[in-house]
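Right, one structure below, let's go through it.
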Amino acid sequence: MAPRRLKPDQITEMFRRFQAADPAPEGELDYVNPYTLLVAVVLSAQATDVGVNRATGPLFKFVDTPEKMVELGEAELISYIRTIGLYRMKARNVIALSQILIDRYGSEVPRDRAALEELPGVGRKTANVVLNIAFGEPTIAVDTHLFRLGNRTGLAPGKTPLEVELKLEKVVPPEYKRHAHHWLILHGRYVCKARKPECPRCLINDLCLFKEKTVSVP
DNA sequence: ATCCCGAGGG
DNA sequence: CCCTCTGGAT
């Protein structure tokens with residue numbers, strides 16, 4: 001069956017409300033510079049931001065450059081991030097990625113999608129987050145939250161994250177693109193949750209096309 | 001499609 | 001016990 005989708009004026013209204021409620025949304029991953037942001041996002045795969053911040057707090061206090069990370073080494077890095085899921089692969093990727101930044105990019109985080117996606121542990125979603133947060137570009141990173149909301153609300157239905165991203169690129173009004181990722185991710189994290197969406201206190205529940213919408217009982 | 005892989009919630 | 005959490009590589 002063809003997925004129902006919101007109309008342009010409804011989408012504009014949706015983002016108008018998001019902006020009114022939270023004019024300058026921010027991500028919840030802690031970082032001190034573009035490099036630590038990149039590391040934090042790599043570590044955040046299949047992990048909670050709280051869990052990532054707990055590990056990166058002590059780490060970034062001393063290790064905030066690619067050189068210091070390579071010097072720290074994989075085994076030591078693991079001692080910091082052992083409480084995060086998938087830590088072996090992540091530690092290996094962070095060390096390798098740091099060495100590549102030193103060798104090819106003068107220890108800077110490249111402001112370039114292709115260059116970012118060549119780094120181990122960095123895919124399209126991570127590259128989009130870095131471009132958006134570190135460099136202020138209007139990219140819309142589609143993670144598990146955006147993918148769910150795009151389909152559930154009718155904002156941008158798609159079978160894959162990339163499909164949802166390209167559709168968002170088309171339907172989100174230009175003036176809202178820069179913050180679309182943050183608004184949607186925060187909404188997905190606290191209100192439009194995967195398990196038990198709290199529709200009664202959702203500020204766009206009258207626009208949303210979710211069929212099993214929970215209704216408030218007066 | 002499957003693996004990686006710990007913490008927290010229900 | 002079950003599932004989910006700002007995925008990526010094979």
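So that the names make sense, note that chain A is the first sequence line, chain B the second, and so on, each numbered from 1. The basis for the numbers below is simple: all heavy atoms, side chains too, and nothing from hydrogens, waters or symmetry mates.
Taking atom P on both nucleotides, C/dA9 is separated from B/dA7 by 24 Å, rounded to a whole Å. The P atoms of B/dC4 and C/dT6 are separated by 23 Å, rounded to the nearest whole Å.
Within the structure, salt bridge (Lys or Arg N to Asp or Glu O under 4.0 Å) contacts touching residues 73-99 of chain A (residues at least two apart or in different chains) do not occur.
Partners of A/Arg17 under the salt bridge (charged side-chain N to carboxylate O under 4.0 Å, His left out) rule, at least two apart in sequence or in another chain, are A/Glu13, A/Asp206. Partners of A/Lys193 by salt bridge (charged side-chain N to carboxylate O under 4.0 Å, His left out), not counting sequence neighbours, listed by chain and number: A/Glu198. For A/His145, the side-chain contact (heavy atoms from CB on, under 4.5 Å) partners two or more places apart in sequence, or in a different chain, are A/Asp143, A/Arg148, A/Ile185, A/Arg189. Applying the side chain to side chain donor-acceptor pair (under 3.5 Å) criterion to A/Glu137, with sequence neighbours excluded, gives A/Arg111.
Taking a 4.5 Å side-chain heavy-atom cut-off between Ile, Leu, Val, Met, Phe, Trp and Tyr, the cluster of A/Leu86 contains only that residue. In this structure, A/Val70 shares a hydrophobic cluster with A/Ile102, the cluster being traced through Ile, Leu, Val, Met, Phe, Trp and Tyr side chains under 4.5 angstrom apart.
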Reading nucleotides 5-10 of chain C from 5' to 3' and marking B where a protein heavy atom lies under 4.0 Å of the base, S where only the sugar-phosphate is that close, and - otherwise, the string is BBBSS-
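Protein chain A contacts DNA chain B from B/dC4 to B/dG10, reading 5' to 3' and using non-hydrogen atoms of the protein with a distance under 4.0 Å.
Atom CD of A/Glu71 has 12 or fewer heavy atoms from other residues, nucleotides or ligands within 6.0 Å.
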